[in-house]
Amino acid sequence: MRNLRHDPTHCALCPRRCGGDRTKAAGRCRMPEAPVVARAALHPWEEPPLSGTRGAGTVFFSGCSLGCVFCQNDSISQQDFGREITVARLREIFQELIAAGAHNIDLVNPTHYAQVVAEALSEPLPVPVVWNSGGYDRVETLRALEGKVQVYLPDFKYPDVQGAKQYAGAEDYPKVAKEAILEMVRQTGPYQLDEEGILQRGVILRHLLLPGRLVQAKEVMDWAAEMFPPHTILFSLMSQYIPWGRAADIPPLNRRLRKSEVRGAIAYLENLPLDGFTQGEEAARSEYIPAFDLTGVSDRAHKP
């Protein structure tokens, strides 16, 4: 594992490499050097090999360096709700989730907190660590985490420059995400499940189906099928899209998915040599969005 080089006064952890001063909560992610967390709890709605029977131990970080207009977690990713804690407290949260039965520690949107993750995982955990990101990760940063992260869960959102520019202001996203995903698979190798069907190592590649973008969804699936031999990765096709935040004013994102789009994407995936998962139309419900209410973030002995 390489050392993670990070200057908190000139941050370059994510592909934006904005040079923000994290000691002053500056930069594209708007977050300070210390972790800001909005929720830490068992989560039953990740993919089956992650949630299992007891739940994934999810830790939701606040802030975001990508900033998609349709983000369902926008109250924490773009409105920055959360509570600043210490790295020591973060480590305690991991242990509390494990004690509660978590199959893994699921780090949601950790890209701009890679330095925190590296420090908090200085000692290995008894369960797999999941890096749950939007796929907009620097290869150099990921390499510095090798050995600390056992499962990668990236969402390959945009295979096209136009979509990436329009919906996230990140024209380099397609190139960056492909390189990051290749690095993730290099680190983990083919996916490995235990006797209970819980993922111990590997990559689950997600794609969120968006309105009017069935062609792009097929492009993502084709790329995955061409790049990785059968049984190397798991592919998760998500149909949970709801017009949210700024997307409510941006056609065609201002509508729900059509049944024909969902069914067309599922049928296409079923004809490819990819192991994985799909969601039905019933997944597009706001009830599945976690309550960002500081659950599990602090206790009486560790107030920020």
Side-chain angles (χ1 to χ4, degrees), residues 1-2 4-8 10-22 25-40 46 58-74 76-82 84-85 87 90 105-121 129-146 148-158 164 167-185 187-188 203-208 292:
M1 184 190 69
R2 303 180 185 182
L4 180 55
R5 297 180 180 178
H6 172 58
D7 177 358
H10 194 83
C11 187
L13 288 173
C14 86
R16 301 281 189 188
R17 287 184 279 189
C18 69
D21 186 347
R22 298 286 292 278
R28 184 64 178 247
C29 68
R30 306 169 307 283
M31 286 291 111
E33 177 76 355
V36 178
V37 177
R39 180 180 176 86
E46 300 287 35
T58 52
V59 178
F60 288 88
F61 291 102
S62 303
C64 183
S65 56
L66 186 53
C68 301
V69 297
F70 51 82
C71 183
Q72 294 180 353
N73 295 348
D74 70 328
I76 65 172
S77 65
Q78 299 180 30
Q79 299 178 41
D80 304 339
F81 174 80
E84 184 175 327
I85 60 175
V87 177
L90 181 62
I105 295 301
D106 179 16
L107 307 175
V108 183
N109 196 23
T111 298
H112 53 295
Y113 276 123
Q115 88 287 2
V116 165
V117 171
E119 184 177 351
L121 297 176
V129 174
V130 182
W131 181 272
N132 183 342
S133 78
Y136 196 54
D137 296 291
R138 287 189 67 191
V139 168
E140 294 82 356
T141 301
L142 294 173
R143 286 177 180 163
L145 295 169
E146 186 168 3
K148 295 181 181 293
V149 173
Q150 290 74 46
V151 176
Y152 284 100
L153 181 60
D155 183 355
F156 189 1
K157 296 175 182 292
Y158 317 104
Y167 299 141
E171 295 180 59
D172 61 342
Y173 180 94
K175 179 178 183 295
V176 167
K178 288 178 180 178
E179 291 175 350
I181 293 163
L182 290 173
E183 171 61 20
M184 294 171 182
V185 176
Q187 287 187 23
T188 68
V203 173
I204 300 179
L205 178 56
R206 284 175 164 175
H207 178 69
L208 176 63
F292 299 118

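Positions are given from 1 along the sequence.
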Ala114 and Leu145 have their tightest heavy-atom pair at O-CD2, 4.0 Å

Within 45° cone of Tyr113 ring axis and under 6.0 Å: Arg22 NZ or CZ: yes

Can you give me the closest heavy-atom contact between Arg16 and Gly169, atom names plus distance? NH1-O, 2.8 Å

Nearest 0.5 Å, what's the CE-OG distance between Met31 and Ser62? 5.5 Å

Sequence neighbours excluded, the answer for salt bridge (charged side-chain N to carboxylate O under 4.0 Å, His left out) partners of Arg28 is none

Using the ring of each side chain (for Trp, its six-membered ring), is Tyr167 parallel, tilted or perpendicular to Tyr158, with breaks at 30° and 60°? tilted

Could you check whether Glu183 and Gln187, counting side-chain N and O atoms only, form a donor-acceptor pair closer than 3.5 Å? yes

dist Asn109:CG -> Cys29:SG (nearest 0.5 Å) comes out at 9.5 Å

Over 60° means perpendicular and under 30° means parallel, so tell me whether Tyr173 and Tyr136 are parallel, tilted or perpendicular. parallel

In chain order, what residues pass the side chain to side chain donor-acceptor pair (under 3.5 Å) check against Gln79, with sequence neighbours excluded? Asp74

Taking only Lys NZ, Arg NE, NH1 and NH2, and the carboxylate oxygens of Asp or Glu, determine whether Arg206 and Glu46 approach each other closer than 4.0 Å. yes

Among Val36, Leu90, Thr111, find the residue that satisfies the side chain to side chain contact (heavy atoms under 4.5 Å, CB included) test when tested with Phe61. Leu90

Will you find, in the side chains of Asp137 and Ser133, an N or O donor that is under 3.5 Å from an N or O acceptor? yes

